[in-house]
Protein chains: 2
Amino acid sequence: MLSIGSLSKRTGVKVPTIRYYEQMGLLKAAERSEGNQRRYERSDLERLAFIRHARDLGLDIPAIRELIRLSEHSQQPCADADRIAAEHLAAVREKIARLRKLEQELDRIVSHCDGGHSIEECYVIRALSDHGLCEGEH
Amino acid sequence: MLSIGSLSKRTGVKVPTIRYYEQMGLLKAAERSEGNQRRYERSDLERLAFIRHARDLGLDIPAIRELIRLSEHSQQPCADADRIAAEHLAAVREKIARLRKLEQELDRIVSHCDGGHSIEECYVIRALSDHGLCEGEH
DNA sequence: CTTGAAGCTCTAGTGACTGTAGGAATTATC
DNA sequence: GATAATTCCTACAGTCACTAGAGCTTCAAG
Ligand SMILES: [Zn+2]
Ligand SMILES: [Zn+2]
Ligand SMILES: [Zn+2]
Ligand SMILES: [Zn+2]
């Protein structure tokens with residue numbers, strides 16, 4: 001049986017974050033010691049690692065909650081799980097696309113000025129004042 | 001003189017957002033009508049467009065506050081403004097890099113499973129349970 | 001048996017808004 | 001000029017995934 005601190009050290013998840021995951025229903029409410037402190041077993045450690053990995057891959061908490069629910073029905077088909085992952089991948093790709101446009105526009109703006117002008121002439125300020133100088137939408 | 005609603009329609013910035021920008025010190029406190037309603041002039045419209053465009057390009061509020069401050073000293077050199085833009089570009093590039101790694105990993109995971117398995121065998125669930133199956137860090 | 005670390009609950013703060021409640025002012029219609 | 005519809009006001013709660021702190025209790029080592 002692990003204390004919340006040892007669980008934290010083993011997984012790299014901070015103590016308040018573990019409590020937060022419990023509150024959000026990702027971790028089941030832990031057993032308690034006589035003095036009301038949380039005690040964890042191996043299965044909690046595995047579940048926490050699952051949560052942490054999913055978060056590191058950018059999945060949000062409702063998605064993780066659903067994945068955990070699905071993972072408890074080992075004989076069901078995995079279509080829902082695959083769909084969650086695929087939708088997340090699509091969302092990541094959209095974010096990348098939006099950021100790429102930003103990058104292009106910012107790169108163009110930044111390379112038009114080298115800091116050696118007055119504010120009045122500065123292309124950065126002028127470009128921010130007038131979207132008409134932009135090449136695309138954002 | 002424009003009401004906050006007309007200013008909102010002309011700029012596409014929602015009314016509560018305009019009030020929020022005022023609170024954050026991006027827009028100066030507007031003049032008021034006899035009945036205490038905000039009244040705007042052309043210069044406010046231009047400043048709001050500046051703010052909105054900067055936000056659309058991803059700059060945060062402290063950066064925009066600083067850019068507005070700089071833009072009021074038209075004879076000063078523009079090095080600070082250019083630096084803010086360049087730093088933001090660098091931050092955008094970092095975000096893209098992080099998301100690209102995520103995309104790669106997610107793409108690999110998703111393409112390993114086509115929804116036609118049981119949860120027990122599902123590669124999505126297995127990959128989330130075990131970062132050892134990943135190619136990179138995140 | 002003392003002491004210091006680690007645990008507990010509860011609350012508030014992050015960033016950039018968005019939405020709501022309850023009331024006052026303005027504008028439009030008759 | 002009365003009334004109705006719209007717009008405006010302030011102040012506060014909620015979003016997301018944590019993080020930090022206050023004030024108190026329990027645990028483990030010496
Ligand atoms: Zn410049
Ligand atoms: Zn633009
Ligand atoms: Zn699958
Ligand atoms: Zn991984």
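A note on names: the letters A, B, ... follow the listed sequences, proteins ahead of strands, and every chain is numbered from 1. Everything numeric here is computed off the predicted structure, so don't read it as measured data. Excluded from the calculations below are hydrogen atoms, water molecules and symmetry mates; all remaining heavy atoms, backbone and side chain alike, are included.
Nearest-nucleotide positions on DNA chain D place B:R32 closer to the 5' end than the other of B:R32 and A:P62. Comparing A:Y40 and B:K14 by the nucleotide of DNA chain C whose heavy atom lies nearest to each, the residue mapping closer to the 5' end is A:Y40. In terms of position along DNA chain C, the nucleotide closest to A:R38 lies nearer the 5' end than the nucleotide closest to the other residue of the pair A:R38 and B:D60.
Nearest approach of B:L57 to A:H138, heavy atoms of both residues: CD2-CE1, 3.7 Å. Between A:I64 and A:L59, the shortest heavy-atom distance links the atoms CD1-O, 3.7 Å.
When the P atom of C:dT14 is taken as reference, atom CD1 of B:I61 falls 13 Å away, rounded to whole Å. We find that CG of A:L59 is positioned 15 Å from P of D:dC16, with the value rounded to whole Å. With rounding to whole Å, B:L48 atom CG is found 16 Å from C:dA16 atom P.
In this structure B:D60 satisfies the side chain to side chain contact (heavy atoms under 4.5 Å, CB included) test together with B:P62, B:A63, sequence neighbours excluded. Among residues two or more places apart in sequence or in another chain, the salt bridge (charged side-chain N to carboxylate O under 4.0 Å, His left out) test is passed with A:E66 by A:R69. Take B:A49 and apply the side chain to side chain contact (heavy atoms under 4.5 Å, CB included) test, not counting sequence neighbours, and it matches no residue.
Across D:dC18, D:dC9, C:dT18, the shortest atom-to-atom separation from the side chain of B:P16 is found for C:dT18. Relative to the side chain of B:K9, the nucleotides D:dT7, C:dT18, C:dC8 differ in distance, and D:dT7 lies closest.
Around the CZ atom of A:R32, the shell of radius 6.0 Å holds more than 12 heavy atoms that belong to other residues, nucleotides or ligands. More than 12 heavy-atom neighbours from other residues, nucleotides or ligands sit within 6.0 angstrom of CD on A:E41. Counting non-hydrogen atoms of other residues, nucleotides and ligands closer than 6.0 Å to CZ of A:R39 gives a total above 12.
Listed in residue order, the members of residues 18-31 of chain B having a heavy atom less than 4.0 Å from DNA chain C are B:Y20, B:Y21.
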Review item, nucleotides 25-27 of chain D N/O atoms under 3.5 Å of protein N/O:
residue: D:dC27; atom: OP1; partner: A:S33; partner atom: OG; Å: 3.3
residue: D:dC27; atom: OP1; partner: A:G35; partner atom: N; Å: 3.1

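Between its opening and closing five pairs, the helix from C:dC1-D:dG30 to C:dC30-D:dG1 changes axis direction by 10°, a value rounded to 10 degrees.
By the 4.5 Å heavy-atom criterion applied to side chains, A:R93 and B:E103 are counted as neighbours.
The shortest distance between the side-chain N/O atoms of A:S3 and the OP1/OP2 oxygens of C:dG7 is below 4.0 Å.
Rounded to the nearest 0.5 angstrom, B:H117 NE2 and B:Y123 OH are separated by 12.0 Å.
Under the 4.5 Å side-chain heavy-atom criterion for Ile, Leu, Val, Met, Phe, Trp and Tyr, B:M1 and B:L27 are members of distinct hydrophobic clusters.
Among the protein residues, B:R52 comes within range of the sugar-phosphate backbone only, with heavy atoms under 4.0 Å from sugar or phosphate atoms but none that close to a base.
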